[in-house]
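Ligands are counted one by one from 1 in listed order, and the atoms in each one are counted from 1 as well. This is a predicted model, so every value here is computed, not measured. Only heavy atoms go into these numbers, but all of them, side chains included; no hydrogens, no water, no symmetry mates.
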Amino acid sequence: MIKENNAHTELLEKDIRFLRGVGPEKAKLLNKLGIEKIEDIITYFPREYEDRSKVKKISELQDGEEALISVRALTNVIEINAKRLKIYKLSVCDDTARIQIIWYNQQYLKNVIKRGNNYKFYGKVSIKNGEIQMASPVFDAHGVSNNTGKIVPIYPLTYGITQFTLRKIIENALIEVEKANAIVENLPEYLIKKYNLYDRKTAIKEIHFPKNFDTFKKAKTRLAFEELLLMQIKLLSLKNQYKLNKGIEFDKNVNMQDVINNLPFKLTNAQLRVINEIENDMESSKNMNRLVQGDVGSGKTVVAMMAAYKAVKSGYQVAMMAPTAILASQHEINFKNILEQYGIRCELLISGVTAKNKREILERLENGEIDIIIGTHAVLEDNVVFKNLGLVITDEQHRFGVKQREVLTEKGKSVDTLVMTATPIPRTLALILFGDLDISIIDELPPNRKKIDTFAVTKALEERVNIFIEKQIKEGKQVYIVCPLVEENEEIDAKSVLETVEKYKNEILKDYKVEYLHGKMKAKEKEEIMQKFKNGDIDVLISTTVIEVGVDVPNATVMVIENAERFGLAQLHQLRGRVGRGQDKSYCILKFKGNSEIIRKRMQIMVETNDGFKIAEKDLELRGTGEFFGTRQHGIPDFKIANLFEDMKILAEVQKISLEIIREDPEFNLEKNIVLKEAIKEKIVI
Ligand code: ADP
Ligand code: MG
């Protein structure tokens, strides 16, 4: 059994160079596609398929489509000398009409195609001035199906390699692999039976060269099932492992109560409950890996702060990572405000700090003279070294992958981790994103939070919106205006920060202080603007979604969103969460364009509810996962074949199965599960 396995892996591990028909030149091109070994090429799945199996009548052909026709040659191939090339023409017909076939520089065709014989052609149709043409088609003689009569895979390519070549290479690879019987099953037999799945070998063959669309579907289902199951099981077993790891036992005698009593506000019950869960984790000898989920404004920062306090007072350092410099520096200010009085030293580390400053910070960190370092990705760099790191906190985790979290935790020894996210994520997805974590939920907002009144308006109400903004500013409040673009873009019909600033600064609100902010500005500039806005020196801040996460300015009471139809609901909810953070009534104005049913529905949801979880579920329902997370896919594992939305049913099933397996056989020692142990050992990147 073990010997056999080795033989299998040997072929799959072989460098792609050594595959028949490849060689060093083509290998280099394949490397560009991420294909290094034979195993990579057989799992290099098609992007789409061409159906060359269904014959179309010439009279039904549409301009621009690719189609298969079954015809008789009315002429021989005629050669025409054009300037630099030779054109070959052929007239063919079926029982509905005639069509011209043309090729360029393909002399051999003259000897291959004969008048009066029948052929099948597959190619792109063009109709100009009533004349139908098919250019450079592939073809087969009657009764042959080398190029037609089947479903043909289309692969993502790179320059220098054609579909035809890649297809040939994959065909070869599949033959070799088949000969060596090298594709090993990686799902337990009982699951394959129960769910009537293809075995792995069949699935891989069929996904490349499906016999028909049914076999394709079955192959795709099998591979998506496999991908999701292995991912899920890997996450769950990671979680189990963490639990077995011996973690730091933080000091039981460090009491947070005094600090809590000293806070400028009373913590909510939900906050207290979550702090308690964290405290238990930290004091226990097991490793903490906990996710704190809580809607925007539910007060996650102070919860993180309490954990940090506990860690520092137990003699450890803390690293906190946030996705943007704005957010990191805001956290640093908040932490300092509360924790400095207890002798805790916090520092900020973002790419904006000067080299000299940075050197000094890194030195102090290594010497243990800094207790809490708060920063962006900058804290992941190799030269960031701790004396005694004990706790890692990542804020808005959905933007960081498991990998990045690991980089940070490896800077210490069996450190505890705490992950905070404001993106309400439906349960099925949470398991894929955070399956390796224990989850705490802050399901209560601080008291006296008033509902943010939300209005969805079209251009017709623009003036009234502006009057309203001005009125709020006159009352001393501040306003955000969010635009989808930084600069104008001819191809995208949406508002940009720069044009909007012009309009408001020079016309609509010229008596007030209007400033702008976007991701392309220098970190330092961004910080200055943000600081001025916080201090109340700016009345209106026009910005891209850089302010989306975490930014906290209680005096801001109006959030205007331009082209709201372009944002995901979860994102709109996040943006809306920038207001309603102080004592005063707050408003969110969604300016939208377009009349489609779905746009109206989405706006309606935002107007009706302030509940992030409800919004997330609706959003997912209406749009699918891809868009649910906006263009940012960070944190979502890269799937080769599974699609979290299309395959939602499979996902739900797989999650059930994974939990059952882990519960029954956490280390995959049962005979029936042994294949899983092997399968998740490597290869799965999360
Ligand atoms: P989020 O969960 O979105 O990160 P924050 O931690 O930024 O929320 O908290 C939002 C605002 O609410 C902050 O100004 C914070 O000081 C305040 N806050 C947090 N907890 C409470 C509470 N229990 N009572 C009143 N205000 C609170
Ligand atoms: Mg936050």
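- For the pair K310 and E279, the salt-bridge criterion is met [side-chain N within less than 4.0 Å of a carboxylate O].
- For E369 and R345, the salt-bridge test fails: no basic side-chain N is under 4.0 Å from an acidic carboxylate O.
- A salt bridge does not link K618 to E608: none of the charged nitrogens lies less than 4.0 Å from a carboxylate oxygen.
- Applying the 4.0 Å criterion to heavy atoms of L267 picks out, from ligand 1, the atoms 23 (N).
- Here the two rings, on Y480 and F533, have centers that are under 6.0 Å apart.
- Under a 4.0 Å heavy-atom criterion, G294 is not in contact with ligand 1.
- Taking every heavy atom of K266 and a limit of under 4.0 angstrom, the matching atoms of ligand 1 come to 22 (C), 23 (N), 24 (N).
- The option with the heavy atom closest to atom 2 (O) of ligand 1, from among K300, R581, H331, is K300.
- The shortest N or O to N or O distance between G299 and ligand 1 is below 3.5 Å.
- Donor-acceptor pairing under 3.5 Å is recorded for the side chains of N289 and T417.
- Short contacts between ligand 1 and T268, defined as distances under 4.0 Å to a heavy atom of the residue, involve ligand atoms 23 (N).
- Near T301, meaning under 4.0 Å from any of its heavy atoms, are these atoms of ligand 1: 4 (O), 5 (P), 6 (O), 7 (O).
- Between S298 and ligand 1 there is a heavy-atom distance shorter than 4.0 Å.
- Taking distance alone, with nitrogen or oxygen atoms compared against 3.5 Å, G297 approaches ligand 1 more closely than that limit.
- The pair K593-E565 does not meet the salt-bridge criterion, since no charged nitrogen lies less than 4.0 angstrom from a carboxylate oxygen.
- Contact check on E347 versus R364 returns a salt bridge, with a Lys/Arg side-chain nitrogen under 4.0 Å from an Asp/Glu carboxylate oxygen.
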